[in-house]
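Here's the structure we're looking at; comments come further down.
Only a predicted model underlies this, so the values are computations on that prediction, with no experimental measurement involved. Values below: every heavy atom of this structure, side chains too, minus hydrogens, waters and symmetry copies. Start at 1 with the first residue, then count along the sequence.
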Amino acid sequence: PLSNGGGGGFTNTKSIALDGVDDYCETSSTYSELNGQAKASFSFWIKPPSTIVDLQVIASVIRNATQSNHQFLIRFATNGTVQMEMDTNSKYIRASSTPLNLNAWNHVLFCFDTTQSISSNRGIVFINGADATSQTNVSSTFKTSTGSLHIGENENGRYNNFEGILDEFAIWSTTDQRANVAEIYASGSVVDLNALATAPNPTTWYRMGDGDTAPTILDKNGSANLTMENFSAFSTDVPT
């Protein structure tokens, strides 16, 4: 499908479908872009199955070998609630109980700014362009990473693999993009994140197949390339 942003010729035709058993992607080296940062944003498109399994992990980076510790982790909490954590599971941004459309494409944008004096302003999550924040409890800065970026599982223990389809995973280190949610979401269209009118280019951006050759998924804006593990084909199911 053609995008409505980023100029002529920008298309989105591929994504990754993960089986919830052993499929995942990982970088070959430590992902350190977020170390010590108080501001960051995370954007991705997700198509969950008709039934969400609680605790499945969408993305993670660890900070030590303790299973409950991480630099960040994005997962499903109870009742299919999408949640992002920093440090431990006691610091999180949680969406409302049933914000995701099942067996359909959704856009998710998590934004952090822990410099805000009002604690409830330090984190926000948008689902399909709308504020879907239920609870926020984040503070301090992102801890120093000790591992690679994993997509589709918890790197700490290799468990709770994600089942579903993912596309256009992007991270902005050092910046909070909540003011630019409308142009990132673009009314439900995948857009060229390097050609937005206001939002800066992401620090890390994975197209999840477009311009890639399996098993490598390129970091379009950096060197943190992913390797597909236990699966080798891209999906053609994409957001439209």
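Panel note: side chain E183, backbone T198; a donor-acceptor pair is recorded below 3.5 Å. Between the side chain of T133 and the backbone N or O of Q135 there is no donor-acceptor pair closer than 3.5 Å. In terms of modelled atom types and a separation under 3.5 Å, the side chain of N128 and the main chain of H107 share a donor-acceptor contact. Remark: the backbone N or O of T240 is not paired with any side-chain donor or acceptor of S189 at under 3.5 angstrom. Side-chain N or O atoms of N161 include one that pairs as donor or acceptor with a backbone N or O of D23 at under 3.5 Å. Judged by distance alone, with hydrogens and angles left aside, the side-chain atoms of S60 form a donor-acceptor pair with the main-chain N or O of E153 at under 3.5 Å. Listed for the N221 side chain is no donor-acceptor partner under 3.5 Å among the backbone atoms of W205. Between the side chain of S41 and the backbone N or O of W172, no donor-acceptor pair lies under 3.5 Å. Here the side chain of T203 pairs a donor or acceptor atom with the backbone of S173 at under 3.5 angstrom. With N106 contributing its side chain and N101 its backbone, the two residues share a donor-acceptor pair below 3.5 Å.
The nearest pair of heavy atoms linking F112 to V138 is CE2-CG1, 3.7 Å. In terms of heavy-atom proximity, G222 sits nearest to N225 at O-OD1, 4.4 Å. Of all heavy-atom pairs spanning S148 and T27, the tightest one is CB-OG1, 3.0 Å. Closest of all the heavy-atom pairs between L55 and R75 is CD2-NH1, 3.1 Å. Heavy-atom minimum distance, P200 versus T175: CG-OG1, 4.5 Å. The heavy-atom pair separating A132 from P99 by the smallest distance is CB-CB, 4.3 Å.
Contact check for F169 versus I217: no side-chain heavy atoms found under the 4.5 Å cut-off. Here the side chains of S140 and K91 are in contact, with some heavy-atom distance below 4.5 Å. Looking at F42 and F72, their side chains come closer than 4.5 Å, going by heavy atoms from C-beta outward. Using a 4.5 Å heavy-atom cutoff, the side chains of L73 and V57 are in contact. Using a 4.5 Å cut-off on side-chain heavy atoms (C-beta onward), D87 and H70 make no contact. Using a 4.5 Å heavy-atom threshold, the side chains of P202 and N194 count as touching. V191 places none of its side-chain heavy atoms less than 4.5 Å from the side chain of N12. Contact of the I165 side chain with the I46 side chain is not registered, since no non-hydrogen atoms from C-beta on lie closer than 4.5 Å.
In summary, the side chains of W105 and D237 do present a donor paired with an acceptor at a separation below 3.5 Å, with no hydrogens or angles considered. In the model, Q116 has no side-chain atom that pairs as donor or acceptor with a side-chain atom of T114 under 3.5 Å. Side-chain contact of T13 with D210: a donor-acceptor pair under 3.5 Å is present, judged by distance alone. Under 3.5 Å, the side chains of N69 and N64 contain a donor-acceptor pair of N or O atoms. Of the N and O atoms on the side chains of N121 and D113, not one donor lies less than 3.5 Å from an acceptor on the other residue.
I151 CD1 to T227 OG1: the interatomic distance, rounded to the nearest 0.5 Å, is 12.5 Å. Here the CG atom belonging to D176 is positioned 13.5 Å from the CZ atom belonging to F110, to the nearest 0.5 angstrom. To the nearest 0.5 Å, atom CG of residue L149 and atom OG of residue S29 are 10.0 Å apart. In this structure, CG in L18 is found 10.5 Å from CG in N230, a value given to the nearest 0.5 Å. Taken to the nearest 0.5 Å, the CE atom of M208 stands 9.5 Å off from the CZ atom of F234. Taking CG of L218 as the start and OG1 of T213 as the end, the distance is 7.5 Å to the nearest 0.5 Å.
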### Task
Would you sort out whether C25 and Y206 count as a side-chain contact (heavy atoms from CB on, under 4.5 Å), showing the intermediate values?
CA-CA 11 Å; C25 303; Y206 303 113; over 6 Å; no
### Query
side-chain contact (heavy atoms from CB on, under 4.5 Å) between V181 and R178: does it pass, once the steps are laid out?
CA-CA 5 Å; V181 59; R178 71 183 73 189; 5.9 Å; no
### Query
After noting the C-alpha distance and the side-chain angles of I127 and V82, does the key distance pass the side-chain contact (heavy atoms from CB on, under 4.5 Å) rule?
CA-CA 10 Å; I127 306 293; V82 65; 4.0 Å; yes
### Task
For T88 and S90, run side chain to side chain donor-acceptor pair (under 3.5 Å): C-alpha distance rounded to whole Å, both residues' side-chain angles, the deciding distance at 0.1 Å, then the answer.
CA-CA 5 Å; T88 69; S90 65; 2.7 Å; yes
### Task
Start with the C-alpha distance between F162 and V53, add both sets of side-chain angles, then the distance that settles side-chain contact (heavy atoms from CB on, under 4.5 Å), and finish with yes or no.
CA-CA 8 Å; F162 170 74; V53 178; over 6 Å; no
Side chains of residues 30-40: which donor-acceptor pairs under 3.5 Å do they make with residues two or more places apart or in other chains?
{"from": "Y31", "atom 1": "OH", "to": "T204", "atom 2": "OG1", "distance (Å)": "2.7"}
{"from": "N35", "atom 1": "OD1", "to": "Q71", "atom 2": "NE2", "distance (Å)": "2.8"}
{"from": "N35", "atom 1": "OD1", "to": "S145", "atom 2": "N", "distance (Å)": "3.0"}

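Under the 4.5 Å side-chain heavy-atom criterion for ILVMFWY residues, no single connected hydrophobic cluster contains both L100 and Y185. In the hydrophobic clustering of this structure, F76 groups with M86; members are Ile, Leu, Val, Met, Phe, Trp, Tyr whose side-chain heavy atoms approach within less than 4.5 Å, directly or through other members. I74 and L166 fall within the same hydrophobic cluster, defined by Ile, Leu, Val, Met, Phe, Trp and Tyr side-chain heavy atoms under 4.5 Å apart, directly or through other members. Hydrophobic cluster membership differs between I171 and L109, with clusters built from Ile, Leu, Val, Met, Phe, Trp and Tyr side chains linked at under 4.5 angstrom. I124 and I93 fall into different hydrophobic clusters, where Ile, Leu, Val, Met, Phe, Trp and Tyr are joined by side-chain heavy atoms under 4.5 Å apart, directly or via other members.
Between R207 and D192 no salt bridge is recorded (no basic side-chain N to carboxylate O distance below 4.0 Å).
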